[in-house]
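Notes to accompany the following structure.
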Amino acid sequence: FTLHMVLCAAVAALAIVIALKISSVNKTRRFLLIWVAVFMLPVNGVFPSTSTMMADRYFLLPSVGLFLLLTTVQNVRKYTVHIAAAILMMCILSWGRACVWSDSFSLWSDAAHRFPSCYHTHTGLGYAYRNAGSLEKALKRFREAEHLVPRSKKAQLAVATTLKIMGDFDESMDRFK
């Protein structure tokens with residue numbers, strides 16, 4: 001287990017504790033908590049998924065549920081410690097991810113490290129290398145992506161374009177055919 005997974009699990013556990021305390025009487029709150037839990041599954045970080053690993057758009061629906069849930073709480077002071085702990089953990093997780101998102105190279109390097117068998121991470125890191133001028137490293141990543149998804153036109157085009165930039169016109173032209 002990684003620290004990120006443990007923190008995500010802790011946030012989920014804290015959310016469940018809050019849910020049990022808040023929703024014991026109110027059916028609306030129970031529905032909203034289920035709403036948040038269901039829509040957070042693809043991106044909660046406890047269960048890594050290669051298809052949604054960088055899909056921040058999946059936080060929109062759970063955020064709506066959290067906002068609506070907070071509007072139903074009458075005695076917020078009673079839950080201040082729980083809410084503050086959840087906010088603190090989310091801030092720590094956000095800060096950690098913000099460091100990774102600082103530039104495309106750190107983003108794609110982290111993604112390729114976490115998901116080595118994902119085609120998208122290798123193409124993304126390949127583009128980051130190519131933009132930085134590291135053509136050999138870019139070519140290696142594009143070829144890895146091509147190996148993972150052999151019929152990928154995007155990976156084939158990236159390999160051919162990188163070869164062309166490197167001056168290997170013959171192999172590049174063979175790939176364009």
Side-chain angles (χ1 to χ4, degrees), residues 1-15 35-67 86-177:
F1 293 102
T2 66
L3 177 62
H4 180 73
M5 290 175 74
V6 171
L7 284 173
C8 287
V11 168
L14 189 58
W35 171 283
V36 170
V38 166
F39 286 111
M40 282 295 290
L41 284 175
V43 288
N44 69 359
V46 177
F47 307 106
S49 167
T50 58
S51 62
T52 60
M53 67 186 164
M54 290 184 241
D56 288 344
R57 65 185 177 277
Y58 290 111
F59 283 110
L60 179 61
L61 288 174
S63 298
V64 169
L66 283 174
F67 173 76
I87 289 172
L88 178 64
M89 280 192 253
M90 286 187 244
C91 287
I92 292 169
L93 289 170
S94 296
W95 178 74
R97 293 310 296 164
C99 292
V100 171
W101 282 78
S102 64
D103 59 56
S104 62
F105 181 76
S106 63
L107 168 71
W108 289 113
S109 295
D110 179 68
H113 175 73
R114 288 175 183 244
F115 305 97
S117 62
C118 178
Y119 154 83
H120 297 290
T121 62
H122 291 285
T123 55
L125 186 53
Y127 285 121
Y129 275 130
R130 192 167 75 186
N131 292 340
S134 299
L135 299 177
E136 291 292 332
K137 291 179 181 179
L139 187 60
K140 179 181 175 189
R141 290 302 176 158
F142 290 139
R143 285 191 168 145
E144 180 64 26
E146 192 176 39
H147 171 73
L148 291 169
V149 182
R151 295 184 181 260
S152 167
K153 298 295 181 194
K154 184 176 182 179
Q156 292 171 357
L157 181 62
V159 169
T161 304
T162 305
L163 287 168
K164 180 182 174 207
I165 294 169
M166 293 172 72
D168 191 348
F169 297 108
D170 294 334
E171 188 178 350
S172 176
M173 289 306 293
D174 289 341
R175 291 189 168 266
F176 276 119
K177 292 178 183 179

Atom pair [atom1]/[atom2] of [X] and [Y] - distance to nearest 0.5 Å:
X	Y	atom1	atom2	value
T123	L157	OG1	CG	11.5 Å
L139	E144	CG	CD	12.0 Å
L125	S109	CG	OG	4.5 Å

| request: Identify whether the distance between the nearest side-chain nitrogen and carboxylate oxygen of D168 and K164 falls below 4.0 Å. | output: no
Under the side-chain contact (heavy atoms from CB on, under 4.5 Å) rule, collect the residues that match up with [X], sequence neighbours excluded.
X	answer
E146	R143, A155, Q156, V159, R175
L135	R130, T162, I165, M166
K140	none
M89	A10, V11, L14

| task | List in chain and number order the residues that pass ring-ring contact (aromatic ring centres under 6.0 Å, His included) with Y119, two or more places apart in sequence or in another chain; answer none if no residue qualifies. | result | none
| field | Residue list, side-chain hydrogen bond (donor to acceptor under 3.5 Å, both in side chains) with D103, at least two apart or on another chain | value | S106
| So do the side chains of Y129 and W108 get within less than 4.5 Å of each other, counting heavy atoms only? | no
| request: Measure from the side-chain N and O atoms of H122 to the backbone N and O of A112, and report whether any donor-acceptor pair falls under 3.5 Å. | output: no
| request: Could you list all the ring pair (Phe, Tyr, Trp, His ring centres under 6.0 Å) pairs where at least one residue sits in residues 132-152, not counting sequence neighbours? | output: Y127-F142
